[in-house]
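A quick write-up on the structure given underneath.
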There are 2 protein chains.
Amino acid sequence: MDIHFKIVDVAAKAGVSPATVSRVLNDSSKVTPKTRAKVMNIIHELGYQPHAAAKNLRSQKTMIVGVIVPDISNSYFSEIIKGIENIAYSKKYKVVICDTANNEEKELEFLNLLTTRTIDGVIMVAPLTSNETILSIADHGYLIGIVGKKLEHERIPCILTDNVKFSMQVVHHLVERGHREIAFINGSAHAVDSFDRLEGYLKALKEHNIPFKPELIENGNFHESGGYEAILRLFAKKTPFTAVYSANDEMALGVYRACAELGIQIPEQLAVVGVDNNRIGKYLKPSLTTVKQPNYTMGALLVEKLIDMMNEDEYAENRVFTVDSELLIRGSSEGR
Amino acid sequence: MDIHFKIVDVAAKAGVSPATVSRVLNDSSKVTPKTRAKVMNIIHELGYQPHAAAKNLRSQKTMIVGVIVPDISNSYFSEIIKGIENIAYSKKYKVVICDTANNEEKELEFLNLLTTRTIDGVIMVAPLTSNETILSIADHGYLIGIVGKKLEHERIPCILTDNVKFSMQVVHHLVERGHREIAFINGSAHAVDSFDRLEGYLKALKEHNIPFKPELIENGNFHESGGYEAILRLFAKKTPFTAVYSANDEMALGVYRACAELGIQIPEQLAVVGVDNNRIGKYLKPSLTTVKQPNYTMGALLVEKLIDMMNEDEYAENRVFTVDSELLIRGSSEGR
DNA sequence: TTGAAAGCGCTAACAT
DNA sequence: ATGTTAGCGCTTTCAA
């Protein structure tokens, strides 16, 4: 037990040199079928497995990519992960996941896997770490991809949806349904997405000649509790509104809870729209209108690019991808 | 860019030997505060980071534990992961997660990380891999922990809930609410849990002198669709029942969908009980009665044991943990 | 307290 | 087509 065979063991038993065993293992064509068969037999017989650390040290790569997400239990993130994993596996890369629980320190800690070369590259989804930190790590030659925002660095591939655009779509939809007083629960004030979503919200109001009322905007922390507190603050202001646009579905859950407690009917008294197409939205009563982003595809596309960049040394001509979202109209904004 | 410093670089610049730098890095006490300070300065100045592969090769460990789960987007699994991560991090271990998407091959592939010594140990949650395979890997000296079932191997720590017990509780609860015809959507017929849950179901019926009707049992695949199909098969049989016990919440979602389509009222016409305390259950109308397992604790406890076993060489006296579950009674089984 | 040197297991350059 | 050997970057024994 706990006995591990090495290449020299295989070589000795097969009557060949370690180099030949290595060639067999790495599919080098320069080995006769006969030798290959002989070596493979011994490998199976002994149950030989290469020692990753030795291999990594020698080859200076690990064939592992990391993924950092704020919360794996959120389906938005887990779908991105699935996209990443499937493409990565098809390219012989392994994937390791880090759930930061929205903890910036943990994010930094995981980035150590990059700088200690435990992983060959990393994808950060909606990173908390400052742009400067990320850029500086990339400057040191480490490979980082970003989902959800755009960084200005020629070696950082990014993929994102057009926040301005879908934010406008949401407002258009609500206006079409007859709403003119539309509250907005935005994400944390310093999140990049929040700027763009606010911009879309304002732009759409303008197009419809609806005056902007700053008191109809609140910020939340992207969690259920944040949405709950934000909607209560909005109600407290006494500025009437008939619809609320929540920057994600989690916060919309908080809106549902507040409405249930206050006896406010959705959508009759308040229309609600979220973002993310969280799985829970479909099961709510009424089901939640939301913006569906192509999560799986975003993960898949980005990791493909990242792996390409690891292997070619040329810089990417095509570094920033923007993908379209889709508005899923459901019960929470219908039937008025 | 892409320039990495090594221990010799630090040593040269600090005017000491590589050995001393290593001692500083590893907190060896045999180094004067003065030397330590000098070396640390250079380390920071150069931004030196140790090369993981070299370190792993030399020390024959990686300080990484793996976790294999069937589906990270299921909150049952993600909570277990959180428990594992928090304890592991506190003991300086890193955690890498594998989402198998219920794919046995992917599970096996990930176990290669163990046998190639990329990770020091692994926790398998509700593994698909056969017991023989797992036992044989453990026999080779690799460290595996299991959540959700018990394996007979002195080096495999396990943690599980008492399926028989909570299964009986579920049936007791339903009988108390006046139900006598209780259907059961069990998990896949060959899952270990399924045996025990069936046993609990039968035992409880017996205690209440309720005759067992085999036609009231169906098996599902633990997914929403499996529950949907199973309940349709049950309805098709025309054997009446007023309550259904679903082996997990996911499948209960399928029951909800079928009932919505057929106009069957929950709980008035059909009481529903699930297992797992999936987050979605709270948001359903009516909210779902379910069995809550201490997921976080199970992950935390098991990884603690696993890490202990990695470091002590003694075998564990206390290898199998059984934890209690709690029945959360909510709307789907109330108000008849 | 510090340094010199061997060696962890593998691959690739070079030699045969 | 196959073998020999150096070296990837680190830690640790042994010697000073």
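Within every chain, numbering begins at 1; the chains are lettered A, B, ... in the order of the sequence lines, protein sequences first and strands thereafter. Because only heavy atoms are used, hydrogens play no part in the values below, and waters and symmetry mates are left out as well, while side chains stay in.
Using a 4.0 Å heavy-atom criterion, one finds that B:Thr20 contacts the sugar-phosphate atoms exclusively. Among the protein residues, A:Val8 comes within range of no part of the nucleic acid, since none of its heavy atoms lies under 4.0 Å from any strand.
Applying the 4.0 Å criterion to OP1 and OP2 of C:dC10, one finds that A:Asn56 has every side-chain N and O outside that range. Listed pair A:Gln60 / C:dT11 fails the phosphate criterion, with no side-chain N or O lying under 4.0 Å from OP1 or OP2. The side chain of A:Tyr48 contributes an N or O atom lying less than 4.0 Å from OP1 or OP2 of C:dC10. Using a 4.0 Å cut-off, no side-chain N or O of A:Lys6 falls inside it from OP1 or OP2 of C:dC10. OP1 or OP2 of C:dT2 lies within a sub-4.0 Å distance of a side-chain N or O belonging to B:Thr35. For the OP1/OP2 pair of D:dC10 and a distance below 4.0 Å, the side-chain nitrogens and oxygens of B:Ser59 include no atom meeting the criterion.
Remark: the A:His51 side chain and the B:Gln60 side chain contain an N/O donor-acceptor pair separated by less than 3.5 Å. Side-chain atoms of A:Asn56 and A:Thr62 include no donor-acceptor pair closer than 3.5 Å. Side-chain contact annotation: A:Ser75 with A:Ser78, donor-acceptor N/O pair under 3.5 Å absent.
Protein atom CZ of B:Arg117 is 12 Å distant from nucleotide atom C1' of C:dC10, rounded to whole Å. Following rounding to the nearest Å, B:Lys55 (NZ) and D:dC8 (P) show an atom-to-atom distance of 19 Å. Distance, B:Arg58 CZ to D:dT13 P: 8 Å, rounded to whole Å. Atom C1' of nucleotide C:dT2 and atom CZ of B:Arg36 are separated by 14 Å, given to the nearest angstrom. Distance CD1 (B:Ile7) to C1' (C:dA4): 15 Å, rounded to an integer number of Å. A straight line from CE of A:Met63 to P of C:dC10 spans 18 Å, rounded to a whole angstrom. We find that CD1 of A:Ile43 is positioned 10 Å from P of C:dC10, with the value rounded to whole Å. Here C:dC10 presents its P atom at 8 Å from CG of A:Leu25, a figure rounded to the nearest Å.
Each of A:Leu57 and B:Val16 was matched to the nucleotide of DNA chain C holding its nearest heavy atom; the match closer to the 5' end belongs to B:Val16. Of the two residues near DNA chain D, B:Arg23 and B:Gln49, the one whose nearest nucleotide lies more 5' is B:Gln49.
When the nucleotides C:dT11, C:dA12, C:dT2 are ranked by their closest atom to the side chain of A:Ala19, C:dA12 comes out on top. You'll find that the side chain of B:Lys30 is closest to C:dT2, out of C:dC8, C:dC10, C:dT2. The side chain of B:Thr32 lies closest to C:dT1, out of C:dA13, C:dG9, C:dT1.
The cationic atom of B:Lys106 (NZ for Lys, CZ for Arg) lies less than 6.0 Å from the six-membered ring centre of A:Tyr89 and within 45° of the ring axis.
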Practice problem: For side-chain contact (heavy atoms from CB on, under 4.5 Å), just list the numbers for A:Ile68 and A:Leu111, CA-CA rounded to whole Å, side-chain angles, deciding distance to a tenth of an Å, and then say yes or no. | Solution: CA-CA 9 Å; A:Ile68 304 180; A:Leu111 287 176; 3.9 Å; yes

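The existence of a salt bridge linking A:Glu152 and A:Arg319 is confirmed by a sub-4.0 Å separation between a basic side-chain nitrogen and an acidic carboxylate oxygen.
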